[in-house]
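Just so we're on the same page: letters track the sequence lines, and every chain starts at 1.
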Amino acid sequence: MITFIKKFLLSPLITFFILTFMIFIIAHTMPGDPLYSIYGDSAKNISKLQRETITENMGLNKPLLVQYKGWINNLFKGKLGKSFKYGVNVINIIKKALNNTLLLTTIILFFIIILSLILGIICALNEGNLLDYIITKVGTFLYCIPAFWLALVFILIFSVKLNVFPSSGVYDIGKEGNFLNKLKHTILPSSVIIIGHIGYYSNFIRNKVLEEIKNNYVILAKSKGISRNEILTKHILKNIMPSFIILISTSLNHIIGGSLVVEYIFSYPGIGKYIFESAKFHDYPLLMGCIVIIGFLVILVNISAELVSVYLDPRIIEE
Amino acid sequence: MSSKALFSPLDKKNTSKQPNIKIRKSNENFPYVSILFLITITFFSFFFTFFIKEDPNFINLNRTYISPNTNFLFGTDSLGRDIFSNILYGGKISISIGILSMFTSSIIGILYGSISGYFGGTLDKIMMRLIDIFLIIPPIVSIAFLQSLFEKRGIIQIVLVISIISWMKIAKVVRSEVLKIKQYDFILASKLLGANFFHILFKHLIPNVLPTIIYMCCLTVAKGILTESTLSFLGLGLPQNIPSWGNMLINAQRDILLNKWWTSIFPGLFIIITVFSITNIGEYLRKKLSRKQSFL
């Protein structure tokens with residue numbers, strides 16, 4: 001029980017605090033004007049006297065640890081400050097954007113898991129064949145394509161030339177509540193990420209299946225007369241799943257990072273669009289808020305992935 | 001053991017069923033094409049640019065958006081710049097960024113990993129935990145965050161930021177290698193002779209670790225090129241007057257929507273083929289080196 005609490009409550013909490021601390025420290029100790037992070041480009045026009053009063057009022061002359069305490073207190077109260085590009089509370093922007101990002105990421109994860117399982121098993125069953133060779137090589141090749149370029153090519157083919165899928169936004173005007181319309185807008189962005197990442201995961205599944213197939217329990221199951229499909233789904237897949245889930249959760253940052261870039265290109269109003277926009281326009285309250293939210297989400301997914309894999313294979317927690 | 005012996009005939013049958021010797025051989029073939037392409041592109045972008053008289057930033061509004069023809073092999077962009085010569089100029093910058101960031105990040109990674117693995121204990125635990133925390137934030141987001149903190153952005157800044165983000169995986173691999181190596185007797189002997197950490201690091205650890213991280217280094221070069229292009233495309237990369245493959249794609253989205261496909265397709269293809277070649281070479285080296293190790 002103690003290891004359980006330590007693993008799933010204490011260490012994620014510590015991780016979250018260290019993460020926020022690092023973000024805070026990096027943002028506050030970088031060379032440059034600290035007022036720049038609050039007033040943006042207009043910080044150059046502030047006079048010396050104004051500067052001193054502002055520094056005093058904002059508490060920027062206090063030690064960093066005290067400042068961090070204030071910031072983290074506000075964070076838990078949900079006060080992340082005002083975005084100076086949009087003039088709205090950061091929390092309100094993030095709330096709206098998070099829905100879209102979550103929808104997109106869920107679709108991407110779902111298809112990556114399903115397709116890489118199918119492709120990986122196909123490769124493993126045809127080990128050494130031409131089919132296996134082609135799938136593996138094409139997978140590596142697709143992994144080398146920059147996501148933003150593939151997104152552009154997709155826009156060129158499907159939006160400009162064929163005019164099948166929309167090139168931007170979350171819904172067509174006047175169809176805000178229509179879920180199918182929303183799904184149609186996620187097809188292009190999500191397929192870019194799925195195509196880019198599928199090779200990596202299917203290769204992992206392929207190697208894992210090849211490892212498992214040589215185990216003795218497979219021979220035992222076969223000698224008992226269990227069919228090939230049943231051995232695959234009931235025994236081999238069950239043994240692979242925990243490590244696959246852990247792999248997905250640890251490489252989730254790459255999937256999310258890719259989908260953030262793609263969101264920006266398709267001007268899909270998710271977190272990614274705001275992150276890169278605010279990085280461009282030095283909108284630090286919004287930028288830091290978005291990064292903290294993403295960090296929180298990734299930690300949450302990591303915990304749940306570990307919980308699921310412990311449920312599937314209780315031996316893990318004993319290690 | 002006993003169960004294995006029991007099923008050994010079956011096992012043999014299983015292994016003999018796997019043909020694939022042919023494909024495997026072709027799989028591990030020397031990557032001639034990749035190396036040839038890489039040498040050509042680096043040679044041309046580093047030396048051929050001396051012979052091109054045209055300034056890559058030369059703006060000629062009389063010839064905007066000319067589609068590919070014999071005069072302009074890859075066409076011209078929205079400001080009338082020749083895309084072919086710009087690709088050569090851009091290759092120089094992009095490949096240098098990849099290689100420079102590889103060097104800096106592998107230096108950081110080797111140092112961090114060997115300190116963590118060599119000293120072990122609580123220090124090792126804390127250092128590895130820190131890496132896990134660094135890895136939570138998507139790399140491209142951390143890079144954008146760090147880039148946004150710089151007011152002036154140049155090649156040095158971008159190399160610095162890319163290497164700050166990409167040393168962690170190298171450090172992890174180095175650590176696990178060092179954990180293995182430090183148990184050998186020659187380390188003990190060297191310690192008994194009074195060698196300090198830096199002597200052991202440079203004389204014993206680094207030479208033994210290098211073969212394993214060559215693959216990672218190749219990947220870092222490829223990742224560096226990709227990251228540079230993504231950053232420049234997002235408007236967070238190099239200043240506009242430095243021609244790089246990423247900077248050529250900065251207006252790509254507008255051009256694509258205007259159906260001027262050549263301005264973005266050709267630079268992108270060069271990025272992909274370069275990155276793919278580097279990855280191929282890395283993968284070949286990994287297979288080659290890991291096989292050698294098992295025969296030792």
Original post:
Side chain, backbone, both or neither: which part of B/I225 has a non-hydrogen atom closer than 4.5 Å to chain A?
Top reply: neither
Subject >> Engaged part of A/I291 at the chain B interface, taking heavy atoms whose separation is under 4.5 Å >> reply: both
Original post:
Relative to chain B, which segment of A/S11 carries a heavy atom at a distance below 4.5 Å: side chain, backbone, both, or neither?
Top reply: both
Subject >> A/T15 vs B/R129 side-chain heavy atoms within contact, under 4.5 Å >> reply: yes
Original post:
So which part of A/F148 gets closer than 4.5 Å to some heavy atom of chain B, the side chain, the backbone, both or neither?
Top reply: side chain
Original post:
Among A/V261, A/N253, A/I275, which residue meets the side chain to side chain contact (heavy atoms under 4.5 Å, CB included) test with B/I140?
Top reply: A/V261
Subject >> Atom OH of A/Y200: over 12 foreign heavy atoms under 6.0 Å >> reply: no
Original post:
Checking B/I273 against chain A: side chain, backbone, both or neither under 4.5 Å from a heavy atom?
Top reply: neither
Original post:
A/W149 side chain to B/I271 main-chain N or O, any donor-acceptor pair under 3.5 Å?
Top reply: no
Original post:
Is it the backbone or the side chain of B/E283 that comes under 4.5 Å from a heavy atom of chain A, or both, or neither?
Top reply: side chain
Original post:
Does the pair A/K137 and B/N280 meet the rule for a side chain to side chain contact (heavy atoms under 4.5 Å, CB included), with working shown?
Top reply: CA-CA 10 Å; A/K137 266 283 160 236; B/N280 251 348; 3.3 Å; yes
Subject >> Which of B/I272, B/T279, B/V275 touches chain A most, by non-hydrogen pairs under 4.5 Å >> reply: B/I272
Original post:
Is chain B contacted by the side chain of A/L297, its backbone, both, or neither, given a heavy-atom distance below 4.5 Å?
Top reply: neither
Subject >> Side-chain heavy-atom pair B/F145, A/I23 within 4.5 angstrom cut-off >> reply: yes
**OP:** Flag yes if more than 12 heavy atoms outside B/I156 fall under 6.0 Å of its CD1 atom; otherwise flag no.
**Re:** no
Subject >> Side chain / backbone / both / neither for B/L249 at chain A, heavy atoms under 4.5 Å >> reply: side chain
Subject >> Nearest heavy atoms of B/P139 and A/H254, plus distance in Å >> reply: CG-CE1, 3.8 Å
Original post:
At their closest point, which heavy atom of A/I265 faces which heavy atom of B/F233, and how far apart are they?
Top reply: CG1-CE2, 3.4 Å
Subject >> Contacting moiety of B/S229, where chain A heavy atoms sit under 4.5 Å >> reply: both
Original post:
Can you tell me how far CG of A/N302 sits from CD1 of B/I136, rounded to the nearest 0.5 angstrom?
Top reply: 6.5 Å
**OP:** For chain B, find which of A/F16, A/Y264, A/F141 contributes the most heavy-atom pairs closer than 4.5 angstrom.
**Re:** A/F141
**OP:** Under 4.5 Å heavy-atom distance to chain B, tell me which part of A/L287 shows up: side chain, backbone, both or neither.
**Re:** side chain
Subject >> Closest approach of A/A279 to B/A144 (non-hydrogen atoms, all atoms of both residues) >> reply: CB-O, 3.9 Å
Subject >> Nearest atoms (heavy-atom pairs only) where B/L226 meets A/C144 >> reply: CD2-O, 3.7 Å
Original post:
Non-hydrogen atoms of chain A under 4.5 Å away: do they reach the side chain of B/L135, the backbone, both or neither?
Top reply: both
Original post:
Of A/I256, A/V298, A/L19, which meets side chain to side chain contact (heavy atoms under 4.5 Å, CB included) against B/I137?
Top reply: A/L19
Original post:
Near A/F296 CZ, under 6.0 Å, is it more than 12 heavy atoms from other residues, nucleotides or ligands?
Top reply: no
**OP:** Could you point out which residue of B/L236, B/T230, B/L231 forms a side chain to side chain contact (heavy atoms under 4.5 Å, CB included) with A/F276?
**Re:** B/L236
**OP:** Report the distance from atom CH2 of B/W261 to atom CG of A/L152, rounding to the nearest 0.5 Å.
**Re:** 14.5 Å
Original post:
Heavy-atom distance under 4.5 Å to chain B: side chain of A/I255, backbone, both or neither?
Top reply: neither
